[in-house]
Structure formats: C-alpha cells, structure tokens
Protein chains: 2
Amino acid sequence: KQHYELNEEAENEHLQELALILEKTYYNVDVHPAESLDWFNVLVAQIIQQFRSEAWHRDNILHSLNDFIGRKSPDLPEYLDTIKITELDTGDDFPIFSNCRIQYSPNSGNKKLEAKIDIDLNDHLTLGVETKLLLNYPKPGIAALPINLVVSIVRFQACLTVSLTNAEEFASTSNGSSSENGMEGNSGYFLMFSFSPEYRMEFEIKSLIGSRSKLENIPKIGSVIEYQIKKWFVERCVEPRFQFVRLPSMWPRSKNTREEKPTEL
Amino acid sequence: KQHYELNEEAENEHLQELALILEKTYYNVDVHPAESLDWFNVLVAQIIQQFRSEAWHRDNILHSLNDFIGRKSPDLPEYLDTIKITELDTGDDFPIFSNCRIQYSPNSGNKKLEAKIDIDLNDHLTLGVETKLLLNYPKPGIAALPINLVVSIVRFQACLTVSLTNAEEFASTSNGSSSENGMEGNSGYFLMFSFSPEYRMEFEIKSLIGSRSKLENIPKIGSVIEYQIKKWFVERCVEPRFQFVRLPSMWPRSKNTREEKPTEL
C-alpha cells in the first residue's frame, strides 16, 4: 500500500510537472492551433540542395552508392546477382513539413510530450540498376536472365513524431561513458523520431528482363522491390519502432567557435 | 575576363538555386510572416525539466560544477582564490523562442539563407560562491579578504541566427575523416548559430566582503563578474563569432532503432 502511494505520488508530481511546462510555455494541447514550419522547409531545402550539388560536382555519389551496394550485397535475396548502377536522380524538389502540434504521447499515460509533424515529398528520386535474375528452379542456376530496373520514389507522405529527451532508457549500452563532462550537457540529449503506420510511399518501377526476347514491367518484380524498401523503412522508423539519435552538445565552446570572415580558407 | 565571366555565371547559378528553393518551399522572404515556435518551446522545456530533475535527483550537479570550476581555475584573474560553491539554482522557467523568419544572410551577397529567431528567458539562474579576494597592492599577498558572491542571471533576450550547412569551409581541420560512409550522409551536416550583438543579459549580483567588518554589494565586484560572463559569451557566439556544431546523421539505421515498449529496462 505504502509503495503504491509513493508511486502514485511520484506520478502525480510528474503529471504536474508537465502541466507546468505547458503553462509556462503558453501551450494548451487541447486548443493550440497547429503551427507552420515554412522556415524549417527552407533550411532543410538549402542543405539538400548543397548535398545534391556536391554529390554531382565531385562525381562521388556513384562511387558511394556502389560501395554501399557492395557492403549490402550479402543481404540481397539469393535470386539476384551483383548489382550495377545505371541511372541516378537525386530529385529536384524538397520535403514540406507542416502542421506541427504538441500532444501527450498516446502510450505514455500522459507522461511525455511529443510533436507531430506532417511531411510531404513530391519528387522523383530514381535509382536504375542492372543485375541478373538467377532462376534456381527446377534446378539451381538453370538460367540467368539480365534484368534492368529503374526504381523511383515519387511520393512520400507521412506523419512524423518527434521528441527530445535526455532519458538514457533507450540509449545503447555500448557507448556508456555518459558523464565525462557533466557541466557541458554531454550526459546525453537525444532526438527520437518515427513515422506513423499510415504513411504513403509511392513508387514507379520499370523493369526489363531478358536480352533478346524482352519482358517489360513484370508486376512481380515491382512488388518485390517495393516490399524490400518498405520493409527496410518499417523496421527502422515506423511506430512502434523509432530512431534514437544522440544530439551534439549546444553548449558554446571554444573549439566550435568560428568567425564570419575566416582569415584562413 | 573569361575567368570573371565564369565566376559571374557560377554566382548567377547559385542565386537562381536559392530563388528556386524559396519558390519550391513557398517562402517569399519579403512578405512571409514570422512563424511561431510554441511546439519547440514545449520540447525544449521538457528536456530542460528532465535535466533539472536529474541534476538534483542524482545530486551530481554540485560535483560537476566543482569539477568544472577546478578545470577552469587557471583562467581566473589572479586576485581570486579558489572558488567553492555555496548556492545553486537551476531556475524554474523556460526559454521562449518566437518570431522565426527566413532572410538572406546580410554579409553573404544573397548566397545563403538563414533563420532569425527571438529568444527570451525570464528566470533566476543562480550560482553562489565563496572565495577570497587577494590584494596584491602595495605588495603581493598583503591581504586575503573572504568574499561571498551570489550571481543570478535574471533575464536573457536576444536574436538568434540559425542555419544548416554541409559546407566544410568552417569545419575544424583536426577531425578530417569526412567521407567514410558517403551514402549515409556522414560527410557532415552542421548547425551554425550565433546571437546578434544587441542581446540583453541582466544580472543580479550580491557580494559580501570581509569577515568582521563587512562590505556589502561593492559595484566593482559586480561589474567584474558581469564582464567575465559576457566576455565568455561574446567570444563564443555573438556575431561575427558563431558556433559550428556537427549534426548527427538522421539516416535511419539499425543501431539507432528502438521500440516503444522495451523488453529490457
């Protein structure tokens, strides 16, 4: 009984704490209108644009992708041969974040506040690859069909959940040196994000199979690719899974200080 | 002449790129109204509240501070003895960010977009210390006066400039392994932030000098403290100085994946 009361007391205290936070930040979760994030869209677009320019300018994105595919090849289904990139489009549009609102986390018993943000991307992110489809039936290696695939993500629409925490409960146990520089907030701040299961991810998938007698756009090929990409996504950042990323310290430090007009460049 | 034209061409291209970014994110810097950041205030407040709870709960904040002061003691003026903490208040209010708007960076020749955000903090962040004032005139060590100081920051108001970049131009040359995992965005995303020089930082400083015949609230003491704190701040993050912080990769990864209901805790 005593223990139960203490727990209840701690819980009430925590609920009051959150209520106070909302009061002191002038946020009423029941009536506060959703907020726009147009400024954020511009900053994100700028960084994506820089990424695109540099990726193409240095011509290193193909190498990076090939390396990446090489590292991941053990994970590929056994009916696929090695993969070569034939086409690449990093898109020319930008994600639009909007409609940001604070809510109590549904499964937290009102013990946690989180932001929900809509995200919408209308673009044409394309990856074209060349490989061979290895037919292992009726006996292994009976045929190797050349296959050309062009996969585009043309639409991504989702609701993103974001929160900040310094709770270590989800932190990986491997990098455990948490309080080396206590004063400077290095004990760990984390960004948690995930997408709600009702996300929408649309593809355009073109396939070409065979060298002489060609088969175009076999539906089965498209759905295998789509399944693999969505599986990758769902396993990492669709609720109840989420990404838990350690944020850098924002404490102002000499070593992070720069000047607007650098004398050396 | 040729070289000049090429530069001009590249410059025009860059200006067009930024114009396109603004068009595609539906942001007209001339007429777009400032946006609120109430959601952000709640998330930041929640993390500050967690920090405060843990700091006091574990009773480790005093140790951290003492360690910090110990490490910094060589930087103290020579007329101060070692410092002992007597009072500490981590405050109970939260910073309010507001009025966020995008502009071309004033000194960039319209080549960069940044966000300006107002920040206001009304709180009572207090640090009380005990030390000795060492009088070295007319001869060294002629007197050591006990001194009690209680310094509070009661108001901080400023305009924050924030931008995201993956430009390496300001990156420290020491950690130069930039393209180890090209595909996963590890090549470096940075948050740049600084405060405009018209910031307001108000203090309440109480001082007590001497053991028997006590001198209270000597103005000179207050201004020395205030000067040191503002100097620390200005040297790190007031324009033209800024903080340049490497952001972690947001690319979804297995090792950062967690589940909402952890089986181990």
Side-chain angles (χ1 to χ4, degrees), chain A residues 17 21-22 24-27 32 35-36 38-39 41-43 45-47 49-51 60 64-65 68 93-94 96 100-102 107 113 115 163-167 169-170 172 182-183 189 236-237 239-248 250 252-262 265, chain B residues 17 21-22 24-27 32 35-36 38-39 41-43 45-47 49-51 60 64-65 68 93-94 96 100-102 107 113 115 163-167 169-170 172 182-183 189 236-237 239-248 250 252-262 265:
Chain A
E17 256 178 32
I21 284 175
L22 292 171
K24 286 180 176 173
T25 54
Y26 314 101
Y27 202 106
H32 199 292
E35 292 172 280
S36 59
D38 299 346
W39 65 276
N41 295 333
V42 174
L43 294 190
Q46 189 174 221
I47 206 171
Q49 184 61 46
Q50 282 180 17
F51 169 78
N60 62 3
S64 294
L65 268 173
F68 179 74
D93 219 310
F94 304 105
I96 300 294
C100 181
R101 61 274 181 202
I102 292 285
N107 298 321
L113 295 162
S163 59
L164 302 175
T165 182
N166 59 354
E169 62 196 77
F170 293 113
S172 172
M183 182 54 198
Y189 293 90
R236 278 160 185 77
C237 44
E239 287 161 24
R241 302 282 177 90
F242 58 88
Q243 290 286 306
F244 192 78
V245 182
R246 180 182 287 265
L247 291 173
M250 294 294 153
R253 300 174 80 142
S254 298
K255 70 170 175 130
N256 292 333
T257 304
R258 305 286 184 277
E259 275 208 51
E260 227 164 73
K261 287 165 187 165
L265 199 71
Chain B
E17 256 178 31
I21 284 175
L22 291 171
K24 286 181 176 172
T25 53
Y26 315 102
Y27 202 108
H32 199 291
E35 292 172 279
S36 58
D38 299 345
W39 64 276
N41 295 332
V42 174
L43 294 190
Q46 188 175 222
I47 206 171
Q49 184 61 46
Q50 282 179 18
F51 169 77
N60 61 5
S64 295
L65 268 172
F68 179 74
D93 221 311
F94 304 105
I96 300 294
C100 182
R101 61 272 181 203
I102 292 286
N107 298 321
L113 295 161
S163 59
L164 301 175
T165 182
N166 59 354
E169 62 196 77
F170 292 113
S172 171
M183 182 54 197
Y189 294 90
R236 278 159 186 78
C237 44
E239 286 160 23
R241 301 282 178 91
F242 57 88
Q243 289 285 306
F244 192 78
V245 182
R246 180 181 287 264
L247 290 173
M250 294 294 152
R253 300 173 81 142
S254 298
K255 70 170 175 129
N256 292 333
T257 305
R258 304 285 184 278
E259 276 208 50
E260 227 162 76
K261 287 165 189 166
L265 199 70

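Lettering follows sequence order; numbering is per chain, from 1. Just so it is clear, the values below take in all heavy atoms, side chains as well, and ignore hydrogens, waters and symmetry mates.
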Chemist: Can you name the closest pair of heavy atoms from I96(A) and Y26(B) and give their distance?
Modeler: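 Closest approach of I96(A) to Y26(B), heavy atoms only: CD1-CE1, 4.0 Å.
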Chemist: Between the side chain of E35(B) and the main-chain N/O of W39(A), is any donor-acceptor distance below 3.5 Å?
Modeler: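 Answer holds: yes.
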Chemist: Counting heavy-atom pairs closer than 4.5 Å to chain B, which one of L113(A), L22(A), N41(A) comes out on top?
Modeler: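 Looking at each of L113(A), L22(A), N41(A) in turn, L113(A) comes out on top.
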Chemist: side-chain contact (heavy atoms from CB on, under 4.5 Å), that's the test. Do I102(B) and L43(A) meet it? Break it down for me.
Modeler: CA-CA 9 Å; I102(B) 292 286; L43(A) 294 190; 4.0 Å; yes
Chemist: Quick check on E17(A) against chain B: is it the side chain, the backbone, both or neither that has a heavy atom closer than 4.5 Å?
Modeler: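 Side chain of E17(A) only, per the 4.5 Å heavy-atom cut-off to chain B.
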Chemist: Given the options T25(B), I21(B), D38(B), which has more heavy-atom pairs under 4.5 Å with chain A than any of the others?
Modeler: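 Maximum pair count with chain A is reached by D38(B).
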Chemist: Show, in sequence, the C-alpha distance, side-chain angles and deciding distance for Q46(B) and L164(A), and conclude whether the side-chain contact (heavy atoms from CB on, under 4.5 Å) test is met.
Modeler: CA-CA 8 Å; Q46(B) 188 175 222; L164(A) 302 175; 6.0 Å; no
Chemist: Any side-chain heavy atom of L247(A) sitting closer than 4.5 Å to one from L247(B)?
Modeler: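 L247(A) vs L247(B): side chains apart.
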Chemist: Look only at the side chain of E259(A) and the backbone of P240(B), and say whether a donor-acceptor pair between them is shorter than 3.5 Å.
Modeler: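 Pair absent, no side-chain N/O of E259(A) close to backbone of P240(B).
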Chemist: Please round to the nearest 0.5 Å and tell me the distance separating atom CZ of F244(A) and atom NZ of K255(B).
Modeler: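 F244(A) atom CZ to K255(B) atom NZ measures 13.0 Å (nearest 0.5 Å).
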Chemist: So, do F242(A) and N256(B) sit near enough that their side-chain heavy atoms are less than 4.5 Å apart?
Modeler: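 A side-chain contact is absent here, since even the closest heavy-atom pair is not under 4.5 Å.
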Chemist: T257(B) and side chain to side chain donor-acceptor pair (under 3.5 Å): which partner among R241(A), Q243(A), R236(A)?
Modeler: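 Exactly one candidate clears the test, Q243(A).
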Chemist: With a 4.5 angstrom heavy-atom cut-off, could you sort out which part of I47(B) is near chain A: side chain, backbone, both or neither?
Modeler: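 Interface part for I47(B): both.
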Chemist: Between P248(B) and R246(A), is any pair of side-chain heavy atoms under 4.5 Å apart?
Modeler: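 They are not in side-chain contact.
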Chemist: With rounding to the nearest 0.5 angstrom, report the CG to CD distance, N166(A) to Q50(B).
Modeler: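 Answer rounded to 0.5 Å: 4.5 Å.
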